[in-house]
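Just below is one structure, and these are the notes that go with it.
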Amino acid sequence: MSTEPETTEEAGPGTPDTRGTREGDADAGTEGRTESGAAEGAEDGIAAEGAEGAAEDEGATDESATEGAEGAVGEGAVGAGELSEAEAELAAQRIERERIERRKAEKRGPIASGTKLSGKAADLLAAVRAVESGEKPVATVFTEPAPAPRRPAPEPVRRPQPAPAVAPGAPAPETVDAVRRVLTEGGAPDALAPQVAAVLGEGAGTVLREDPWQLLRVGGVRPEQADGFARALLGPDCGPDDARRGRALTVWLLEQAAVAGHTALELPTLTAALGRQGVPDPDAAVQDALAEGEALVFQDALEEPGAPAPQDTDEEQERPVRVLVGLERYALAEESLADGLARLANSVPEQAGQAWETVTAGLSGGAAELARAVAGHGLVLHTGGEAARAEPAALLGAARAAGLRAYAACHTPNGRGRLTAYLAASSERQGEATGRPGTAPVEPGAAAAKPGDGHPARPAGDPAAQGVVTVSGLLAGVEGPGRDADGALEVDLLIVLDAPQLDVESAAMLVESLPDGARLVLSGDPGVLWSAGPGRVFADLLAAGVCPQTVSRVPDPGPLGELVSGIGVGELNQVAAPGKEIVIVPVRDAGEAVHRTVQLVADSVPRAIGVPAGQTVVITPGHGGAAGTRALNSALKERLNPGPGRFGGFDPGDRIVYSPAPGRTVPGVVVKADTDGLHLSCAGAPVVVPRERVEGSVRHGWALTAHQAVGARWPAAVVVLPGDAPQALSRPWVYTAFGRAERHLSVVHGVEQALPKAVAEVPAKPRTTRLATLLRTQAPAS
């Protein structure tokens, strides 16, 4: 596979070479000029971001069209000389009546809140909405500073700003009204009142008036905006040394750190960030936040490899420590998770009679090795690529056949489908080997599917009947086993696939739900991107070494498997792709990248590879930019499902991704819209999104970021690397994006040598967590 863009004429579609296949169409010259212009025009049409900008642009277009029509009538009357003065007057009146009727219709329709704002109030509302809708990533102060100004193309996390849990139900109307009055007095948009009331709770108006910087608790509000709001309310009493400001900024910075994946921050890092925000005494601000109970402080001993353990108290006090500050929410979740994992790792699991002997006897290879580790331990880690999923699938089938209450949980419906396909294949193999029916229940007449044959895989049998569930469904109690009188899951074995996607909160909930004597297997690929939420649970467990770890030796097959495996160890190898498995499409700029992406999805891949557009995913580093998800989705919609976007920008048949909760995305299709909201079909299940939640939780889904795509795979993937992408690239990003393809991968390549450099030199960004340290103090090394 080549990583260098070519300046010469591209080869025809599917022309192979020793470095992969470079794809192009014979008529790319003419078609490229016409469609590229169309794509650029489409980009210009969506330059105004958000619903408000789109509404303003649409209104301007209507007025321009009307004025143009009037001009045309006037010119026609003068030029032709056939219309009398009375007829011209009647024509002008008719056009004026049409304009009036159109204005009346607009007034009768719903008015988007905040559209009449201007100045700092409009900026504040726009910032909040941009973060909530995912159009702009939440700003973080814990990434490396940029060496020089550059074109932004970050890898945003599709995750709104964390906020304290809100009790079910909308805030009381009188609370919202009180908040609205305070917001208006401070020059902030009153449209934020429901959000502020939900975050601050009862008495929110009084709280906000007494401490204006509490506005920072609303996602998307920046410190400079909160400062302006505070100055308007407090007047000369407002200053940078206000203790309320330092306390609020401390909490805000910790929440920004959580968005970046940290569960806590080292004290020097936090105080330095406070200094950059203009806090005169950062140490006092942190102490104030600790005294008010808005943050917690920890002292974790630093482990020195090879150093002997201290023998007395004096030596223990002299051991180096690091001081960490974190929010209570994530600190308690991480400590609870460590306690639960230590309980599993230290316990001797129940043997359930001869069941586990039966399980291990019926397996071979890596599945048998995994089964033996699980038989004697309560916590086991399993690592490997996509093909390695066959081993936990075989373990699940054998355990259920032996009468154990065994379940496997995946993070996405797509992952659940793929695991069920492996389970069906394992059942067939065992049935052929023993001459008996397979161990996994199979629906009569259903044909087993092979992983990679569809999106998602269509296995034989019902996943729920085979013990395959989603993590969210298991935690919500709508999938999987019931719970006993103590609230514990009624399981003997729980296997969690795609374990790197576990954040500390969901992992803590899972572990707390397991009864004593149960076994937990965490299985996943350590090379993919970490969770959208804070923490790095799987990586910390691997580093802590407190439980057995089994490494799959099953490689992912074919050129794609060879390419991705090399990336995992930091090598971007040249891979022969005689079957057009890998295609490199060099581009010169973002406009050409958009054009070629649309061409690949709509024409080249279906024609040359046989994968329809509906089974192809586009992956790009960020939402913004000329080749981000918004620009690509706009161009792809125009080509694949054109429509006016009657339902909040969506039409029936649009591919979408729905975020039912922060950090979770589910692909789906728009079905219809009515007074209840937007009707979707997500993984075959109907979903209705209320109208007020559509803007913040639904976006078009032909093009995704790598974080949105992790946990799922498609028959074909088109990875777009525009010229402004290098700073967003890393080895885990490339590994994750390229690994989403099952049969075919096209790389729209415009970053030159930045791609091999990222693979070889840019590892995952570090996250500050406490789990590994906590585990080492509670569980012995295994």
Side-chain angles (χ1 to χ4, degrees), residues 344 349-380 382 384 387-410 415-451 457-470 473-474 479-482 484 488-497 514-515 517-523 548 550 552 554:
L344 294 173
E350 300 174 0
Q351 294 302 314
Q354 300 298 315
W356 279 104
E357 294 182 10
T358 304
V359 171
T360 55
L363 298 173
S364 60
E369 180 183 353
L370 176 60
R372 286 191 293 269
V374 175
H377 301 84
L379 177 63
V380 175
H382 173 261
R389 297 169 80 92
E391 294 173 354
L395 173 62
L396 174 65
R400 290 179 69 86
L404 296 172
R405 299 172 299 177
Y407 290 85
C410 303
R416 178 181 59 188
R418 297 188 342 259
L419 181 64
T420 313
Y422 280 111
L423 182 61
S426 173
S427 174
E428 289 182 355
R429 286 194 298 269
Q430 292 185 26
E432 293 172 358
T434 61
R436 300 190 304 271
T439 57
V442 179
E443 289 180 350
K450 297 178 181 179
R458 302 298 184 191
D462 178 20
Q466 301 184 47
V468 183
V469 300
T470 61
L474 180 65
E479 298 179 43
D484 60 22
L489 293 170
E490 295 179 330
V491 297
D492 300 310
L493 169 65
L494 177 63
I495 305 171
V496 179
L497 279 296
L514 292 177
R519 294 166 170 83
L520 174 64
V521 176
L522 298 179
S523 174
T550 64
S552 174
V554 180

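Computed from a prediction, not measured in an experiment: that's the story for all the values here.
Taking both residues in full, the closest heavy atoms of Leu395 and Leu363 are given as CA-CD1, 4.1 Å, listed atom of the first, atom of the second, then distance. Across all non-hydrogen atoms, the minimal contact from Gly480 to Leu474 is CA-CD1, 4.4 Å. In terms of heavy-atom proximity, Val491 sits nearest to Pro515 at O-CG, 3.9 Å. Here the closest heavy-atom approach between residue Ala387 and residue Tyr422 is recorded as CA-OH, 3.8 Å. Residues Ala373 and Val380 come closest through the heavy atom pair O-CG2, 3.7 Å. For the pair Cys410 and Leu419, the tightest heavy-atom approach, listed with the atom from each and the gap, is SG-CD2, 3.8 Å.
Here the OG1 atom belonging to Thr420 is positioned 9.5 Å from the CZ atom belonging to Arg389, to the nearest 0.5 angstrom. Separation of atoms CG (Leu522) and CG (Leu379) is listed at 6.0 Å; rounding is to 0.5 Å.
Looking at heavy atoms from C-beta onward, Val469 lies out of side-chain contact with Pro481 at the 4.5 angstrom threshold. Annotation: side chain of Ser523 is not in contact with side chain of Val496 (no heavy-atom distance under 4.5 Å). For the pair Tyr407/Val468, no side-chain contact is recorded, criterion being any heavy-atom separation below 4.5 Å from C-beta on.
Every side-chain contact (heavy atoms from CB on, under 4.5 Å) that Ala406 has, sequence neighbours left out, goes to Leu396, Ala399, Arg400, Leu493. For Arg372, the salt bridge (charged side-chain N to carboxylate O under 4.0 Å, His left out) test picks out no residue, with sequence neighbours left out. Scored by the side-chain contact (heavy atoms from CB on, under 4.5 Å) test, Ser552 finds His382, Ala388, Glu391, Val554 as partners (sequence neighbours excluded). Partners of Glu369 under the side-chain hydrogen bond (donor to acceptor under 3.5 Å, both in side chains) rule, at least two apart in sequence or in another chain, are Arg553. In this structure Ala361 satisfies the side-chain contact (heavy atoms from CB on, under 4.5 Å) test with no other residue, sequence neighbours excluded.
Not a single donor-acceptor pair under 3.5 Å links the side chain of Asp484 to the backbone N or O of Glu490. Arg519 places no side-chain N or O within donor-acceptor distance of the main-chain N or O of Leu494, the cut-off being under 3.5 Å.
Between the side chains of Thr470 and Glu479, at least one donor N or O lies within less than 3.5 Å of an accepting N or O.
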